[in-house]
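Labels below follow one simple rule: chain letters A, B, ... track the order of the sequence lines, proteins then strands, and each chain is numbered from 1.
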Amino acid sequence: MDHTPLKELLYKMADDQLILGHRNSEWTGMGPLLEEDIAFSSMAQDKVGQSLALYTLLHELGESDPDTVAFTRNANQFHNCQLVELPNQEYDFSLIRHFLFDTAEALRFEMLTRSSHQPLAQLATKIRGELRYHTLHANTWIKQLGSATPESISRLQKSLEYALPFALGIFETSLYEKELIAAGIFEGEQALQQKWLAKIESILSQTSLQLPDLKLIQPIVGGRQGKHTEHLQPLLDEMSEVFKIDPTAEW
Amino acid sequence: MYGGGNTFEGIKTDSIATEDPTKLAEFEARIERGEKIEPADWMPQLYRKQLIRMIEQHAHSEIIGALPEGTWITRAPGFKRKMSLMAKVQDEVGHGQLLYSAAETLGKPREQMIEDLINGKSKYSNIVNYPTFTWADCCFISWLVDAGAIVNQLANAKGSYGPYCRALDRICAEESFHLKYGHHCVIYLASGTPKQRQMFQEALNRWWPPMMHFFGPSDKISAHTEVLMRWKVKMGTNDEMRNQFLDMYVPKIWELGFTIPDPKLKRVKRQVSGNTLNLIGKNLSA
């Protein structure tokens with residue numbers, strides 16, 4: 001059986017989780033409140049752990065071991081969406097990204113609990129439980145700060161408008177969309193995007209934030225094909241700095 | 001992570017004379033009986049002031065201490081180390097949160113403590129100001145600075161203020177995992193390539209002097225120290241804590257084949273509670 005479509009799906013999900021987990025971990029020690037510092041550290045651990053689990057599935061399908069895959073590839077070999085690689089910037093952007101991305105991920109893993117690939121369905125069931133806390137966290141803050149002061153509202157609105165074209169890139173069509181749907185592995189990016197839109201609309205409608213007309217926004221795609229912003233390679237260089245001192249050494 | 005330096009300087013004990021002598025006697029009797037003092041209980045002003053100062057400094061040290069190690073989360077080599085270090089540094093921030101809560105029970109709001117930290121009014125352990133140049137520096141901290149902190153914290157956990165002791169019990173349980181993690185990292189460097197061994201030896205050379213300073217200057221027992229020890233605010237002298245650390249960890253460092261940059265350090269026989277033990281120190285006459 002040809003696992004190429006499945007592998008492509010697993011790679012993009014694993015890379016998303018690893019890169020955003022890495023970005024979240026940059027908040028450790030820097031969070032605007034102790035509780036937020038701790039929350040972003042927790043989500044970072046979950047996400048990096050989830051990426052490890054997905055790379056492990058890939059390893060079982062014949063790919064290299066997770067450390068090699070994560071720590072030795074170059075940017076053009078990564079399949080994450082560009083949204084997750086953007087620098088953290090101010091807290092408002094980190095929060096909006098967290099909201100837009102984790103809403104999609106929670107729905108993606110929810111859909112994947114029904115995947116015909118059993119190991120993925122089982123893993124998705126576990127991950128879905130973890131992501132519930134991530135979306136709870138994001139929704140709580142978006143509702144709170146999205147209706148708080150003129151400054152918090154305008155900051156979040158600005159970040160929302162900046163992040164949306166990248167967020168639409170989460171749903172970049174896969175080369176194997178038809179095969180994945182036909183094999184019952186995944187219901188497809190388009191179905192996911194529809195669910196995502198309904199969800200973010202419902203949360204944003206409880207705030208003073210305005211969701212722009214998505215039909216007027218040009219999605220920023222390419223991440224799934226290995227095209228990235230200038231921010232990914234420096235992130236990867238940093239991530240592998242110690243590992244590459246001697247890749248054969250045990251650390 | 002918290003050492004003994006700078007904590008008890010410069011507060012006058014004169015204020016004790018103005019305390020109600022009956023209440024003071026009852027307070028001291030309770031501590032003598034091994035009871036814990038709780039937030040709503042009567043306590044001398046000096047006791048309150050010193051505890052706020054100590055717990056607050058401890059909390060700040062945890063928060064600032066997250067930075068030199070936290071900077072290696074994004075560079076940790078491999079999934080296992082990356083995930084462990086994330087959890088470890090998150091624990092440290094959590095300890096800060098827990099300790100601020102303990103200090104708040106004495107009447108100083110967390111906001112105020114954070115402001116005092118930011119504007120430089122409050123002190124914290126100086127060791128967390130040192131930069132981490134390599135992954136091995138980060139491993140040194142996880143193993144040995146945490147080990148030093150555990151020595152201090154286990155002693156302080158036997159103190160007299162209930163909320164601080166309870167916070168320390170939880171903190172020590174978590175720190176014991178940090179110690180295992182740090183030791184594991186160092187064992188891998190010690191048994192790894194020549195480059196890895198060299199990295200740790202260099203880290204050890206850099207960190208040994210600050211590690212010794214971590215426990216604070218040598219003690220001169222003053223009336224002030226005496227009263228704080230009677231009230232079980234200060235649980236041991238700086239030198240006692242430092243020696244305990246040396247006794248426990250110098251043999252482990254030597255066992256891994258590293259050299260400690262202090263040629264006077266050697267195995268000596270020392271009297272502890274009437275028994276002669278083989279310990280670490282500079283007491284060449286023993």
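- To the nearest 0.5 Å, the span separating CG on A/L52 from NZ on B/K80 amounts to 11.5 Å.
- Here the closest non-hydrogen pair linking A/V242 and B/P77 is CG1-CG, 3.7 Å.
- Considering every non-hydrogen atom in both A/S25 and B/I73, the closest pair reads OG-CG2, 3.5 Å.
- Inter-residue side-chain proximity for B/K195 and A/I245 is flagged as met; some heavy-atom pair is nearer than 4.5 Å.
- Environment of OH in A/Y133: sparse, with no more than 12 heavy atoms of neighbouring residues, nucleotides or ligands closer than 6.0 Å.
- Among residues 166-174 of chain B, no residue has any heavy atom closer than 4.5 Å to a heavy atom of chain A.
- What you find for A/F71 and B/F79 is that their closest heavy atoms are CE1-N, 3.7 Å.
- Looking at B/R75, the atoms closer than 4.5 Å to chain A (heavy atoms on both sides) sit in the backbone and in the side chain alike.
- The greatest number of non-hydrogen atom pairs below 4.5 Å with chain B, out of A/K244, A/E241, A/M30, is found for A/E241.
- At least one donor-acceptor pair closer than 3.5 Å links the side chain of B/Q196 to the backbone N or O of A/E250.
- Residue A/T248: no heavy atom, backbone or side chain, is found under 4.5 Å from chain B.
- Taking CG from A/D67 and NZ from B/K82, the interatomic distance works out to 11.0 Å, rounded to the nearest 0.5 Å.
- Between A/Q45 and B/M83, every side-chain heavy-atom pair lies at or beyond the 4.5 Å cut-off.
- Counting heavy-atom pairs under 4.5 Å between each of B/A87, B/G192, B/C139, B/G70 and chain A puts B/A87 at the top.
- The candidate from A/V48, A/T28, A/L235 with the greatest count of non-hydrogen atom pairs under 4.5 Å with chain B is A/V48.
- Only the side chain of A/Y55 has a heavy atom closer than 4.5 Å to any heavy atom of chain B.
- The only option from A/M239, A/E238, A/R23 that meets the side chain to side chain contact (heavy atoms under 4.5 Å, CB included) definition with B/T74 turns out to be A/E238.
- Residues of residues 107-119 of chain B that come closer than 4.5 Å to chain A, counting heavy atoms only, are B/R110, ordered by residue number.
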Problem - Worked verdict on A/S41 versus B/M86 for side chain to side chain contact (heavy atoms under 4.5 Å, CB included) - result: CA-CA 7 Å; A/S41 301; B/M86 280 178 178; over 6 Å; no
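- Across every non-hydrogen atom of B/A66 and A/G29, the tightest pair is CB-CA, 4.4 Å.
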Handout entry: side chain to side chain contact (heavy atoms under 4.5 Å, CB included) evaluation trace for B/I63 with A/L34
Key = CA-CA 9 Å; B/I63 301 299; A/L34 289 180; 3.3 Å; yes
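- The minimum heavy-atom distance linking B/W135 with A/W251 is given by the pair CD1-CE3, 3.8 Å.
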